[in-house]
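Working notes for the structure below.
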Amino acid sequence: MPMRPWFTDAKLGIFIHWGIYAVDGVQESWSFYDDIVPYDRYMSQFDRFTAARYDPRDWAKLFARAGARYAVLTSRHHDGVALWDTAHGDLNVGRDLIGGYADALREQGLKVGLYYSHSDWSHPDYASTRKPGRPPELEDNRYSEVAAEDEDLDAWERFLAYRDGQIRELTSRYRPDLLWFDGEWDRSEEQWRIPELAALIRSEVPDVVFNARMLSEGDYATPEQGAPVIPPEGPWELCLTINDSWGHQHHDHNHKSVDQLIRYFTETIGGGGNLLLSVGPREDGTIPREQAERLEGLGDWIAKHAEAVYGTERGLPPGHHYGPSTLSKDRRTLYLIVFDAPRAEINVRGLLGSVRRVTVLGNGTELAHRVTGGLHETPGVLWIEPPTGADLDPHATVLAVELEGELELYRGAGRF
């Protein structure tokens, strides 16, 4: 299906990892799967998960101030604990924590995303089979698979019925704009019955967007934590933590700075992607001050430079400019991001056509520019007067290069 324009125009989303794991601040799901925390102790957090100060309107307002256009909430992680009062399965928080979130986002004009794990390491019928082709000598994890001779296909059918029931609830109740799947590695596409699952979802929400972990039905690539050196072709999204953890971990104070987040963000949108930035609310539903402050700082920068963010597409390929860039949809304005105070003129290589003017985005200061060199089909180099003083943004300065026509680039090797 064609990609929904709202997604490629969004640029920033907020990923919310919230669940019972925030009580003790342990890693979501993996802490018991990897035998770091005993399963019973992990589940003992259940009765201490209060959501006592959860205010989804506060969340939505913060996300809007950050410049986000969508958010994704973990409706159910691999641990099987649902954040809504599902009628399917035995593990849920006993109330609906998703409905208010969806309503609050829509009040702010944000699109609603829900995370759902294909895997459920708590469901009694989940560890009833194994991925086809998995070597028998590999040790079985008791939460996810059984030995080949112990497979129970009837149990697997019961699990899929449970999953489909939960998915029907999520789609019919909340009508999400985006479904962010995870855990796909545990089984094959055929075992998950991905085409049938996609058809089920689209029967309720025809315009829904899927991430790549819906395998053949996925709409966009989802690199995680590591910013790609070569951006994927087509739509994509970098999911990234503000500190080192997805969910709330009390000991993790290694937060990325606003400067670092702006670099991640501009490099991502310059490569044609969205940044999905994760926050980890405490068990009571409040977002830690350090994370909120960073969202506010990122939002302040985006608000000042919105013209270079929204309504743009991927900018110059590597080698044309020392830094990320974006391009207006009409391809007539190039936005150059400059992270450091330049010590000399800023240069751009390979521009075919003329530059009408160059200004500092946010205050309109016009900068002198000239072209040197060039031979036959090889264009010269554009040199731009460096901004100074008050024209320099404390985080990243953006220069708007207005072109006489649509952007054309020379990608050759010159005359030999």
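Residues Leu316 and Leu409 form a side-chain contact, since some pair of their non-hydrogen atoms from C-beta on lies under 4.5 Å apart. Looking at heavy atoms from C-beta onward, Arg53 lies out of side-chain contact with Asp58 at the 4.5 angstrom threshold. Residues Phe265 and Val309 form a side-chain contact, since some pair of their non-hydrogen atoms from C-beta on lies under 4.5 Å apart. Taking 4.5 Å as the limit, some side-chain heavy atom of Val355 sits within range of a side-chain heavy atom of Leu403. At least one side-chain heavy atom of Ser75 sits under 4.5 Å from a side-chain heavy atom of Leu170. Within the 4.5 Å cutoff, the side chain of Val258 has no heavy atoms near those of the Glu293 side chain. Proximity of Lys111 to Leu178: side-chain heavy atoms (C-beta onward) are nowhere separated by under 4.5 Å. Two residues are said to be in side-chain contact when any heavy atoms from C-beta on lie closer than 4.5 Å; Asp140 and Val146 fail this criterion.
Here the options are Gln291, Glu296, Glu290, the test is side chain to side chain contact (heavy atoms under 4.5 Å, CB included), and the partner is Arg294; only Glu290 passes. Between His78 and the choices Trp185, Tyr33, Tyr116, Tyr21, the ring pair (Phe, Tyr, Trp, His ring centres under 6.0 Å) rule is met once, by Trp185. With Cys239 as the partner, the side chain to side chain contact (heavy atoms under 4.5 Å, CB included) test is satisfied by one option alone out of Leu276, Val72, Leu275: Leu276. If you run side chain to side chain contact (heavy atoms under 4.5 Å, CB included) between Leu83 and each of Ile20, Asp96, Leu73, Asn92, only Leu73 comes through.
For Asp393, the salt bridge (Lys or Arg N to Asp or Glu O under 4.0 Å) partners are Lys304, not counting sequence neighbours. A search for ring-ring contact (aromatic ring centres under 6.0 Å, His included) contacts involving Tyr39 returns Phe32, Tyr143, not counting sequence neighbours. Listed by chain and number, the residues in a ring-ring contact (aromatic ring centres under 6.0 Å, His included) with Trp156 are Tyr126, Phe159, Trp192 (sequence neighbours excluded). Partners of Phe181 by ring-ring contact (aromatic ring centres under 6.0 Å, His included), not counting sequence neighbours, listed by chain and number: His118. Every residue meeting the ring-ring contact (aromatic ring centres under 6.0 Å, His included) condition with Trp6, not counting sequence neighbours, appears here in chain and number order: Tyr70.
More than 12 heavy atoms of other residues, nucleotides or ligands shown are found within 6.0 angstrom of CD on Glu404. Remark: Tyr322 OH is loosely packed, at most 12 non-hydrogen atoms of other residues, nucleotides or ligands lying under 6.0 Å away. The environment of CZ in Arg95 is crowded: more than 12 heavy-atom neighbours from other residues, nucleotides or ligands sit within 6.0 Å. Enclosure of atom CG in Asp90 is not indicated, since only 12 or fewer non-hydrogen atoms of other residues, nucleotides or ligands lie within 6.0 angstrom.
For the atom pair CZ of Arg163 and CZ of Arg158, the computed distance is 15.5 Å after rounding to the nearest 0.5 Å. The CD atom of Glu169 sits 11.5 Å away from atom CD of Glu204, with the distance rounded to the nearest 0.5 Å. Atom CG of Asp34 sits about 7.5 Å away from atom CG of Asn141, to the nearest 0.5 Å. Rounding to the nearest 0.5 Å places CG of Leu114 at 12.5 Å from CZ of Arg175. Taking CG of Leu160 as the reference point, atom CD of Glu196 lies at 9.5 Å (rounded to 0.5 Å). Rounding to the nearest 0.5 Å places CD1 of Ile14 at 12.5 Å from CZ of Arg69.
Listed here is the closest heavy atom pair of Arg48 and Glu283: O-OE1, 3.2 Å. Taking both residues in full, the closest heavy atoms of Arg173 and Asp85 are given as NH1-OD1, 2.7 Å, listed atom of the first, atom of the second, then distance. The nearest pair of heavy atoms linking Asp79 to Ser29 is N-OG, 2.9 Å. The two residues Ser117 and Gly183 make their nearest non-hydrogen contact at OG-CA, 4.2 Å. When all heavy atoms of Ala60 and Ala104 are compared, the pair lying nearest together is CB-O, 3.4 Å. Nearest heavy atom pair, residue Lys131 against residue Gln191, reads CA-OE1, 3.7 Å.
Panel note: side chain His321, backbone Val338; no donor-acceptor pair is recorded below 3.5 Å. Judged purely by atom type and a 3.5 angstrom limit, Thr74 uses its side chain to pair as donor or acceptor with the backbone of Ile16. Listed for the Glu385 side chain is a donor-acceptor partner under 3.5 Å among the backbone atoms of Ala368. Without hydrogens or angle criteria, Asp177 side chain to Val112 main chain gives a donor-acceptor distance under 3.5 Å. When atom types are taken as modelled, the side chain of Asp219 and the backbone of Phe210 share a donor-acceptor pair closer than 3.5 angstrom. In this structure, Glu189 contributes its side chain and Leu215 its backbone to no donor-acceptor pair below 3.5 Å. Ser144 contributes no side-chain N or O that, together with a main-chain N or O of Ala127, makes up a donor-acceptor pair within less than 3.5 Å. A donor-acceptor pair under 3.5 Å is absent between the side-chain atoms of Ser31 and the main chain of Glu28, judged by distance alone. Formation of a donor-acceptor pair under 3.5 Å by the Trp59 side chain with backbone atoms of Ile287 is not found in this model. Checked by atom type and distance alone, the side chain of Gln45 pairs as donor or acceptor with a backbone atom of Asp24 at under 3.5 Å.
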Practice problem: Evaluate side-chain hydrogen bond (donor to acceptor under 3.5 Å, both in side chains) for Tyr162 paired with Asp120, printing each intermediate quantity in order. | Solution: CA-CA 10 Å; Tyr162 147 81; Asp120 184 338; 2.5 Å; yes
Practice problem: May I have the step-by-step check of side-chain hydrogen bond (donor to acceptor under 3.5 Å, both in side chains) for Ser257 and Asp259, ending in yes or no? | Solution: CA-CA 5 Å; Ser257 67; Asp259 278 340; 5.1 Å; no
Quiz item: Where do Thr241 and Gln225 land on the side-chain hydrogen bond (donor to acceptor under 3.5 Å, both in side chains) test, with the steps shown first?
Solution: CA-CA 7 Å; Thr241 53; Gln225 290 286 56; 3.1 Å; yes
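Ring pair His253/His255 is tilted by interplanar angle, where 30° to 60° counts as tilted. Taking the six-membered ring where tryptophan is involved, the planes of Trp18 and Tyr54 are tilted, since the angle between them lies from 30° to 60°.
In this structure, the ring of Trp180 has its center less than 6.0 angstrom from the ring center of Phe15. Taking the six-membered ring for Trp, Trp30 and Trp246 have ring centres at least 6.0 Å apart.
Checking Asp284 against Thr286 by side-chain atom types alone, a donor-acceptor pair falls below 3.5 Å.
By the 6.0 Å and 45° rule, Arg349 does not stack over the aromatic ring of Tyr410.
Screening residues 332-342 for side-chain hydrogen bond (donor to acceptor under 3.5 Å, both in side chains) gives Arg263-Asp340, Glu307-Tyr335 as the qualifying pairs, with residues at least two apart or on separate chains.
Salt-bridge check for Arg331 with Glu408: failed, with every basic side-chain N at 4.0 Å or more from each acidic carboxylate O.
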